[in-house]
Amino acid sequence: MGTTALVTLICLAIVALVSVAIGSLGVRMARTTSDFLVASRTVGPTANAAAISGEYLSAASFLGVAGLILKDGPDALWYPVGFTAGYLGLLLFVAAPLRRSGAYTVPDFADVRLRSVPLRRVCTLVVIVIGWLYVLPQLQGAGLTVATVTSLPGWSGVVSAAIVVIASVIFGGMRSITFVQAFQYWLKLTALAVPVIFLVLHFAGDRRSFDRPAPPEFPADTTVSVQTDVTLEVSQPVSFSARGVLDGRQENGLVRWQQGTTHTVQQGASLTFSAGTSVPVVAGTPQTDASWLTPLSGKREYQLLEIYSLILATFLGTLGLPHVLARFYTNSDGRAARRTTVVVLAMLGAFYLMPTLLGALSRLYVPQLLVSGQTDAAILRLPAAALGENWLATALGGLVAAGAWAAFLSTSSGLVVSVAGVLFTDVLKGRLRSFTLATLIAGTVPMVLALFASRLDLAQTVVLAFAVAASTFCPLLVLGIWWRGLTDRGAIAGVAVGGALSAVSVMLSLFDVGATGWVSALLIRPAAISAPAAFLTMIVVSKLTRKRVLSDVDHVLLRLHAPERLGLSRDRLPDAAG
Amino acid sequence: MSTDIDGPAPSMADDSSDSEKEPDLASNVAPEATSDVAPAVASVKMRRELRKRAAQRIRTAGGRHARTDLDSRALPNDYVPRHALSTPGPGSTSASVVAELAPAPEERFYLPPPEPEVSSRKRERIVLSERRRPVRPVRTEVDVRELTGVGDMLSTNLIRSQLGLALRVGSIALFTLALLPALFAVFPVLGRLEVLNIRLPWLLLGALVYPFLLALGWLHARAAEKLEQSFTEHVRD
């Protein structure tokens with residue numbers, strides 16, 4: 001462990017300690033949700049938007065987006081675009097009416113709109129599924145961060161991250177503390193913006209071009225240790241020294257790969273390339289830099305289908321994420337909820353410029369990640385690789401790692417709180433009913449999953465959670481808010497169909513059943529099928545059970561849509577008291 | 001405690017006696033005498049009700065000059081709907097806050113006296129209602145019960161126009177986004193085009209799409225506020 005690793009570890013420890021400390025201090029200041037609700041009336045749209053962005057920008061946005069751009073080029077830009085466009089969907093269909101409903105989780109909304117206990121139970125289950133699916137890549141990202149900067153084993157990062165999250169939630173967590181989350185947004189933005197400035201300046205003086213008809217080259221002598229099995233494609237002949245199992249044979253010494261061949265490298269192998277060698281690239285991704293620059297250049301089939309399903313999942317899925325919805329209650333009224341969402345659109349747009357730039361730059365400076373497939377580490381490796389081993393690169397590396405750790409901590413504590421909340425109210429019974437136990441369950445299950453599930457790219461795993469949300473809560477909220485004909489039976493049927501379709505395909509792709517062709521494209525991106533199916537089921541079953549439409553449905557709908565000034569809706573706590 | 005903390009449901013009689021008590025504020029909303037034509041009974045009723053609520057809203061609104069006679073409000077201020085459960089996480093409420101928010105004893109003439117154990121302990125979890133008991137949500141029912149006839153039409157109009165607006169903006173966004181991959185697939189030359197020294201797909205997806213989404217969001221928020229404004233004016237007119 002060198003100085004860089006030590007500095008980074010210290011940064012991570014500081015972030016972890018500070019978040020637990022602020023959590024326990026915050027408990028003293030804001031003891032309950034009611035305190036929070038009253039206090040929150042003074043929070044303006046900008047501060048609240050920063051808080052929403054701070055909780056939303058997870059390890060997937062911070063690390064994953066740049067990694068995918070390094071690998072796939074402009075096709076990966078659809079991830080941040082979708083993550084942002086989701087807030088437009090939220091603004092258009094949900095923000096103001098949800099705020100006016102007074103509900104701040106989907107099970108609450110189900111109560112308000114349809115008054116159905118079975119539906120509430122189904123929604124509770126879906127909150128848990130989405131929450132765990134979303135925490136999973138956060139923990140994996142934490143493991144990756146620790147493994148990348150310190151060469152400790154990945155599981156130690158996963159476990160320590162889970163412990164920090166559980167501890168900070170039990171000791172008060174980040175829940176209900178708007179300004180902490182708002183601070184998180186600015187911390188994350190700074191942690192990327194400062195490196196971007198230095199690296200873009202460096203790149204401008206470097207006179208290197210992206211547009212070359214050849215694969216990227218190793219900028220220096222590089223040893224790549226492969227941590228998961230990969231399949232590599234070779235577009236220029238390469239020779240390197242290898243130790244480990246390549247193509248099923250134990251190799252120990254010089255290996256030469258011919259042009260146009262495909263090779264498999266097993267976990268644990270270590271390959272040493274000399275400077276200037278062209279980089280063999282993970283199969284299916286663009287080979288040469290020139291093709292990497294153009295869209296739809298990878299060799300995966302059904303790329304368009306994947307992109308469309310991704311757009312649909314993120315556009316519709318954001319409005320069903322439990323940790324995002326909870327934060328909208330902080331707005332003073334429906335109008336403020338809309339304005340907040342508009343500011344969130346601006347803040348996310350500003351943030352996502354950074355990983356886009358860094359992802360493109362990492363193609364030049366850290367191409368070795370294309371060999372190991374660990375492209376999520378791109379941003380973490382970039383400062384040292386581009387600027388050399390000096391104090392500046394060390395400081396920037398520490399800053400980026402701290403930002404990644406903060407990204408992961410804030411998102412996962414928000415989600416663990418949401419999941420623990422529904423576990424506590426709806427699942428645990430009798431003597432087992434304790435928030436500590438609920439938090440332990442909410443944090444431990446995804447930790448175990450993170451240790452055993454096969455690791456996809458972070459941003460891809462997160463999109464699985466979006467797909468589930470888009471196929472369950474999105475139709476429930478959108479139809480519940482805008483269509484008077486929705487019935488409880490219809491809602492349950494739709495959530496069940498969409499949830500089953502999306503969750504099953506998510507499980508199949510997480511545990512890698514090895515489907516091919518359009519089946520595999522749809523397994524990893526189920527939203528294109530499951531979201532319309534859920535909408536359709538909800539509408540058809542509601543029409544069939546027309547008699548179950550609430551008798552006062554128009555009153556409920558009016559309350560969701562009428563401006564607060566008319567006094568048609570009432571808050572949980574009266575305004576005058578705040 | 002159970003749901004009885006919700007207090008008595010406000011009735012029409014309560015409301016009218018309120019407005020009589022406070023002539024200065026009730027004068028903000030002109031009485032029904034101003035209407036020349038004789039509209040449908042339902043419409044008059046609805047307008048009267050809405051005016052009353054508007055007046056009440058003014059009285060109960062916060063701010064420096066707000067009236068603080070809390071007992072004139074329709075609901076006692078320790079009202080918490082039944083989905084605010086006893087979760088310490090999101091969804092919880094605490095007795096201390098309810099007690100804090102409650103007015104001083106001399107003010108709250110009509111409210112039940114605070115329960116002793118609430119004020120004696122620092123942190124107390126109170127269950128305001130049992131979730132699984134199917135309780136009729138008093139608030140919703142009472143608040144908009146009188147909205148019939150014209151009221152229904154107005155509210156249907158509001159919801160329709162808001163939905164139309166959302167669908168229009170949403171389809172512009174989705175159509176534009178969905179068009180891009182198709183264009184890049186059908187005309188690969190677009191993917192190699194350079195604008196300002198940057199490849200077109202990178203420029204569009206990496207930078208320009210964000211101001212585009214922001215502009216759509218801003219326009220929508222503005223238009224939706226306008227719709228609400230005109231709805232409010234219609235109702236109060």
Side-chain angles (χ1 to χ4, degrees), chain A residues 31-35 74 77 81 84-85 88 91-93 102-105 108 111 117 175 293-296 304 307-308 311 315 326 335 338-339 341-342 345-346 349 353 356 417 420-421 424-425 435 482 552 554-559 561 563 565-568 570 572-578, chain B residues 50 53-54 56-57 60-62 66 77 80-81 83-85 87-94 97 101 132 139-141 143-144 147 152 155 158-159 162-163 166 169-170 173-174 177-178 181 184-185 191-192 199 201-202 205-207 209-210 213-214 216-218 220-221 224-225 228 232 235:
Chain A
R31 185 169 284 121
T32 63
T33 316
S34 311
D35 294 355
L77 293 174
V81 170
T84 313
L88 186 65
L91 168 69
L92 297 180
F93 297 108
Y104 71 139
T105 66
D108 283 352
D111 245 4
V117 173
R175 69 185 148 136
L293 269 181
T294 52
L296 302 171
L304 267 183
I307 289 176
Y308 280 128
I311 295 175
F315 190 81
R335 205 174 68 138
R338 277 202 205 99
R339 294 186 169 185
T341 322
V342 174
L345 282 173
L353 290 178
T356 305
V417 167
F424 178 79
T425 36
F435 194 71
W482 299 100
D552 64 339
D554 292 317
H555 299 143
V556 178
L557 282 188
L558 179 63
R559 205 182 107 217
H561 292 280
R565 271 167 296 169
L566 291 176
L568 293 174
R570 259 177 210 288
R572 294 178 163 210
L573 294 163
D575 285 328
Chain B
L50 284 172
R53 289 188 190 288
Q56 191 184 27
R57 192 70 182 171
T60 56
N77 68 344
V80 177
H83 57 259
L85 289 166
T87 327
S92 77
T93 186
S94 90
V97 170
L101 292 175
R132 296 191 193 286
R139 167 178 57 179
T140 332
E141 290 274 345
D143 276 350
V144 287
L147 216 59
D152 256 357
S155 77
L158 171 73
I159 296 172
Q162 292 280 28
L163 179 62
V169 178
L174 269 186
L177 290 184
F184 293 145
R192 287 190 287 274
R199 293 289 183 103
W202 289 84
L205 296 179
V209 70
Y210 299 112
L213 292 173
L214 176 64
L216 281 181
W218 187 74
H220 172 265
E225 276 179 25
E228 284 174 2
T232 312
V235 168

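Chain identifiers are assigned alphabetically (A, B, ...) following the order of the sequence lines, protein sequences preceding nucleic acid strands; residue numbering begins at 1 within each chain. Model, not experiment: these values are computed from the prediction.
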Side chain, backbone, both or neither of Ile311(A) within contact of chain B (heavy atoms, under 4.5 Å):
side chain

Checking heavy atoms, do the side chain of Leu557(A), its backbone, both or neither come under 4.5 Å from chain B?
both

Top contributor to chain B contacts, counting heavy-atom pairs under 4.5 Å, from Leu353(A), Thr356(A), Thr84(A), Thr341(A):
Thr84(A)

Distance (rounded to the nearest 0.5 Å) between [X] [atom1] and [Y] [atom2]:
X         : Y         : atom1 : atom2 : result
Ile307(A) : Leu177(B) : CD1   : CG    : 11.5 Å
Asp554(A) : Arg559(A) : CG    : CZ    : 14.0 Å
Arg339(A) : Leu91(A)  : CZ    : CG    : 12.0 Å
His561(A) : Trp482(A) : NE2   : CH2   : 4.5 Å

Any heavy-atom pair between the side chains of Leu216(B) and Leu345(A) that's under 4.5 Å?
no

Measure distances from Val169(B) to the heavy atoms of chain A and classify the residue's part below 4.5 Å as side chain, backbone, both or neither.
both

With a 4.5 angstrom heavy-atom cut-off, could you sort out which part of Leu205(B) is near chain A: side chain, backbone, both or neither?
both

Pick from [options]: which one has the most heavy-atom pairs with chain A under 4.5 Å?
options                                    : answer
Ala173(B), Ala221(B), Ala178(B)            : Ala178(B)
Pro181(B), Ala185(B), Gly217(B), Ala207(B) : Pro181(B)
Trp218(B), Trp202(B), Phe184(B)            : Trp202(B)

Closest heavy-atom pair and its distance - Phe93(A), Ala166(B)
CE2-CB, 3.7 Å

